[in-house]
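Presented below is the structure to which this report refers.
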Amino acid sequence: PRESTERVLVAGSDCICRLYKIKTETHSIFNHHKTAVDCCSFINGQKFVCGSQDGSISLWFATKKKPLCVIENAHDGKWISAVAACKFSDLLATGSSNGVLKL
């Protein structure tokens with residue numbers, strides 16, 4: 001089975017993303033945001049993105065504890081309410097609390 005099907009990515013109001021590994025019954029914590037993380041999406045089996053109420057979007061590698069990239073104020077001060085990745089590509093869609101979508 002593919003590695004991403006053996007993992008669950010969870011966004012939380014505790015400002016943390018968690019990546020659960022089903023097979024080993026373990027999880028990793030990814031902590032960078034200052035406010036609740038409302039959304040997350042896998043890009044591939046190793047990379048994922050998270051969006052937060054602090055208005056930032058972060059790109060993570062599953063084996064690193066710090067984000068690879070952070071876009072602060074991605075929607076002009078509005079919180080990020082949705083992220084979706086086109087799997088195995090560099091295309092990302094984000095939505096904010098004011099209803100605006102960006103690619």
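Atom set for the values below is all heavy atoms of this structure, side chains included, hydrogens, waters and symmetry mates excluded.
- The two residues Val70 and Ser58 make their nearest non-hydrogen contact at CG2-CB, 4.2 Å.
- Note that CD of Glu72 is 5.0 Å distant from OG of Ser56, once rounded to the nearest 0.5 Å.
- Cluster annotation: Val10 and Ile22 are assigned to the same hydrophobic cluster (Ile/Leu/Val/Met/Phe/Trp/Tyr, side-chain heavy-atom contacts under 4.5 Å, transitive).
- Here the shortest heavy-atom pairing between Lys34 and Asp54 reads N-OD2, 3.0 Å.
- A continuous path of Ile, Leu, Val, Met, Phe, Trp and Tyr side chains, each step under 4.5 Å between heavy atoms, connects Val83 with Phe61, placing both in one hydrophobic cluster.
- Between the SG atom in Cys17 and the CG atom in Asn31 there is a gap of 9.5 Å [rounded to 0.5 Å].
- Note: Ile80 CD1 to Lys102 NZ = 8.0 Å, rounded to the nearest 0.5 Å.
- In this structure, the side chains of Leu92 and Ile57 come closer than 4.5 Å at one or more pairs of heavy atoms.
- Ring orientation note: the planes of Trp60 and Phe30 are nearly perpendicular, at an angle over 60° on the 30°/60° scale.
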Apply side chain to side chain donor-acceptor pair (under 3.5 Å) to the pair Ser52 and Thr35, showing each step before the final yes or no. CA-CA 6 Å; Ser52 175; Thr35 59; 3.1 Å; yes

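- Inter-residue side-chain proximity for Thr94 and Ile71 is flagged as unmet; no heavy-atom pair is nearer than 4.5 Å.
- Two residues are said to be in side-chain contact when any heavy atoms from C-beta on lie closer than 4.5 Å; Lys78 and Val100 fail this criterion.
- Annotation for Leu91: hydrophobic cluster partners, listed by chain and number, are Leu103 (ILVMFWY side-chain heavy atoms under 4.5 Å, direct or chained).
- Scanning all heavy atoms of the two residues, the minimum distance from Val37 to Cys50 falls at CG1-CB, 3.9 Å.
- Here the CG atom belonging to Leu9 is positioned 11.5 Å from the CZ atom belonging to Arg18, to the nearest 0.5 angstrom.
- Between Lys65 and Ser28 the shortest side-chain heavy-atom distance falls below 4.5 Å.
- By the 6.0 Å contact criterion, CD on Glu25 is open, its count of non-hydrogen atoms from other residues, nucleotides or ligands being 12 or less.
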Gln46 and Arg7: CA distance, side-chain angles, deciding distance, side-chain contact (heavy atoms from CB on, under 4.5 Å) verdict: CA-CA 10 Å; Gln46 293 296 316; Arg7 296 177 176 198; 3.8 Å; yes

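- Smallest separation of non-hydrogen atoms from Cys39 and Ala11: N-CB, 3.8 Å.
- Smallest separation of non-hydrogen atoms from Ser81 and Ser97: OG-N, 4.0 Å.
- Note that OG of Ser89 is 8.0 Å distant from CD1 of Ile43, once rounded to the nearest 0.5 Å.
- Nearest heavy atoms, Ala62 versus Leu19: CB-CD2, 3.7 Å.
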